Amino acid sequence: MCGCTPISDLGCFSSCDPINTKILASATGTWVARVCFNGVWLSQKIEATENESIVLPNSYPEDLVLTLMLIKPDGTPFGGGPYSFKNKIVIPI
């Protein structure tokens, strides 16, 4: 387990598209997105601009509920989390 209970669900995203969290960055700079699945935390650096949505590149496993924590450029946790989201497989018809 990831050791925390998500308090906000960001929704379901296509595994082919970036994840627009709709969370507004409180500062410009390099953030750290910590994503947990199957009990393992992975960290990824992302760039964000103050007052714009934080967007994650989507390189996460499909068909799982994932837990997300965000770390601000100053190294402190971003309030409001942790968050959860699901990555889904989309098959065009």
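No experiment lies behind these values; they were computed from the predicted model shown. For this chain, numbers begin at 1 and follow the sequence in order.
Interatomic distance, Ile23 CD1 to Trp31 CH2, rounded to the nearest 0.5 Å: 8.5 Å. To the nearest 0.5 Å, atoms CG (Leu68) and CH2 (Trp41) are separated by 7.5 Å. Atom CG of residue Asn58 and atom CZ of residue Phe13 lie 9.0 Å apart, to the nearest 0.5 angstrom. Separation of atoms CD1 (Ile54) and OG1 (Thr49) is listed at 10.0 Å; rounding is to 0.5 Å.
For the pair Thr21/Tyr83, no side-chain contact is recorded, criterion being any heavy-atom separation below 4.5 Å from C-beta on.
If you chain together hydrophobic residues whose side chains sit under 4.5 Å apart, Val32 and Val40 never meet in one group. Under the 4.5 Å side-chain heavy-atom criterion for ILVMFWY residues, a single connected hydrophobic cluster contains both Ile46 and Phe37.
The heavy-atom pair separating Phe78 from Ser26 by the smallest distance is CE1-OG, 3.8 Å. Closest non-hydrogen pair, Ser84 versus Val65, comes out as CB-CG1, 4.2 Å.
Shown here are the side chain to side chain donor-acceptor pair (under 3.5 Å) partners of Glu50, two or more places apart in sequence or in another chain: there are none.
No donor-acceptor pair under 3.5 Å is formed between the side chain of Ser53 and the backbone N or O of Asn20.
Paired with Thr30 under the rule side-chain hydrogen bond (donor to acceptor under 3.5 Å, both in side chains), one option of Lys72, Glu47, Lys45 passes, and it is Glu47. Exactly one of Val35, Ile19, Leu42 qualifies for a side-chain contact (heavy atoms from CB on, under 4.5 Å) with Leu66. That residue is Val35.
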